[in-house]
Amino acid sequence: MASLITCPHCGVRPKEEFTIRGDASLIRPAPTASDEAWHDYVYVRANPRGRTLEHWQHVAGCRRFLVIERDTFTHEVHSVTDGAAFARENGR
Amino acid sequence: MRYSAFSIVKNALSGNLKWKPQWRQAEPKSHYDVIIVGGGGHGLATAYYLTKEFGVKNVAVLEKGYLGSGNVGRNTTIVRSNYMLPGNEPFYEFSMKLWEGLERELNYNVMLSQRGVIMLYHSDGQRDAYIRRGNAMWMEGVAAELIERDQLKKMIPFLNYDHARYPILGGLLQRRAGTARHDAVAWGYARGADRHGVDIIEHCEVTAIRRENGVVTGVETTKGFIGCNKLALAAAGNTSRVGEMADLKLPIESHVLQAFVTEGLKPCIDHVIVYGGGHFYISQSDKGGLVFGAEIDGYTSYAQRGNLATAEHVMEEGVTMIPGLSRVRVLRSWAGVMDMSMDGSPIIDRTPIDNLYLNCGWCYGGFKATPASGYCFAHLIAKNDTHPVARALRLDRFARGYAVDEAGAGPQPNLH
């Protein structure tokens, strides 16, 4: 992937300042949701070959969680959004 | 042709011009009893044992590239069975036993070298964890030895024992573990399967899975439709993409793992050494190159190439453990795409579709598992029943709460 990530708060930084948490397209089910819904949320992944949304945290910078849209084949980063802003925009 | 001293002499005398190809270039028939998707080590081993051990005839292996172009040619060639969990250790030990008889079984030199795998520890806590692991191995009848620092210094003098952060205090040794020639494993299984009538069809990519009335009837490929009674998926790295063709929802992420080889040196590293301070492993090939790797790059990837920053991190770990490594030139690096499962352990199971079988989720550990994976998968396909040593590796273990989490990292694939 591009070895640089443009943090919306800190600017262009090497990706080593970040840690990855994983798939950001998952939506946490309600506490009362079925076992199957929870199983899918915890264990099942779409794992696309192409664009994907991921949570990354800028641990060596602003420590904010970010949502990064990245291509899993070309390693290209398409967009970086603050995690909270992403959640608001998507009505979560 | 069986290989022997006689066949070598005979071919040498005729100028080495009369060696036969090791497997036929097969064209697909219209229908097979079993089609295996993926001509890697696991797919080929499955085909071999299906025909040899379980008497299934009319089998094809479909490979989208050429044999050995996937992970079987993209690893650090280590074979070992020093696992801890009851669901894992018998499986990998079964594999180790098959490795020990593999050359005779296949009549093929896979260059198995039982040079010993030693995992270093750097703290009292880590020593205790390794003692526990060693005991767990003994409970399954697998020998393990704890090597104290003084003894280790005699065995492996060139390590950095006095590192301020990660001093080396000792190691856990499995003497029967070692390395094997990875390409030869693929070629040996391919030759063996071919001899038992398996059609190995290279450059044949599966593009869709055809289903009728809830069962798989065949696959669409770049060489046309091929029908089958049973379809077996062994497409590590791309399992999610192949599974999607049959609407399978899988607990898999694809990650990239890099490996490196240096210029050829005189023999200097006698064992496989695993650095417990990070996750660095190194051995020396018979050609003299040092072969090493470390952790995955950390993010999901389908590219057979890694990130340069991770390469730098691997070198740092290596030099921390062996300072002399800084003076050796790296010749090549490569990366493999692997299924990282949600608990770090593989999956060999039936799927919700009756005649569709799944072999995936090998994480870092696919190469060492090749013989047992093939054997157990063939057992499953032929008998529709799980082999006893693979019982813990079922697909529904997450839903049932029986994850086999060797690293104790939870459902976080990039941490396994």
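Below, each value reflects all heavy atoms present in this structure, side chains not excepted, and no hydrogens, waters or symmetry copies. Lettering follows sequence order; numbering is per chain, from 1. Bear in mind the structure is a predicted one, so any value in this text is a computation, not a measurement.
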Those residues of residues 394-412 of chain B, ordered by number, that approach chain A below 4.5 Å (heavy atom to heavy atom)
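If one takes a 4.5 Å heavy-atom cut-off, the residues of residues 394-412 of chain B near chain A are B:Phe398, B:Ala399, B:Pro411, B:Gln412.
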Heavy-atom contacts under 4.5 Å, residues 311-318 of chain B to chain A
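Residues qualifying by a heavy atom under 4.5 Å from chain A are absent, so none.
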Give a yes or no on this: more than 12 heavy atoms of other residues, nucleotides or ligands lie within 6.0 Å of atom [atom1] of [X].
X: B:Glu244; atom1: CD; answer: no
X: B:Leu308; atom1: CG; answer: no
X: A:Arg21; atom1: CZ; answer: no

Under 4.5 Å from a heavy atom of chain A, the part of B:Ile252 involved:
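Both backbone and side chain.
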Determine whether [X] and [Y] make a side-chain contact, defined as any pair of heavy atoms from C-beta on separated by less than 4.5 Å.
X: A:Ile20; Y: B:Asn414; result: yes
X: A:Arg45; Y: B:Thr300; result: no
X: A:Thr72; Y: B:Tyr299; result: no
X: B:Met340; Y: A:Asn47; result: no

Who passes side-chain hydrogen bond (donor to acceptor under 3.5 Å, both in side chains) against A:Asp82, sequence neighbours left out?
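side-chain hydrogen bond (donor to acceptor under 3.5 Å, both in side chains) check on A:Asp82 returns A:His9, A:Arg64.
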Restricting to non-hydrogen atoms, name the atom on B:Thr310 and the atom on A:Lys15 that form the minimum distance, rounded to 0.1 Å.
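Where B:Thr310 meets A:Lys15 most closely, the heavy atoms are OG1-NZ, 4.2 Å.
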Closest approach of B:Ser240 to A:Ala46 (non-hydrogen atoms, all atoms of both residues):
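Heavy atoms only, the tightest pair is CB-O, 4.3 Å.
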Atom pair [atom1]/[atom2] of [X] and [Y] - distance to nearest 0.5 Å:
X: A:Arg70; Y: B:Ser301; atom1: CZ; atom2: OG; value: 7.0 Å
X: B:Lys249; Y: A:Glu36; atom1: NZ; atom2: CD; value: 5.5 Å
X: B:Gln304; Y: A:Phe73; atom1: CD; atom2: CZ; value: 8.0 Å

Let me know if A:Pro48 has heavy atoms under 4.5 Å from chain B in its side chain, its backbone, both or neither.
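It is the backbone, since no side chain atom gets that close.
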Only pairs at least two apart or in different chains count here, so list each ring pair (Phe, Tyr, Trp, His ring centres under 6.0 Å) that has a residue in residues 332-351 of chain B.
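Every candidate ring pair (Phe, Tyr, Trp, His ring centres under 6.0 Å) pair involving residues 332-351 of chain B fails, so no pair, neighbours aside, qualifies.
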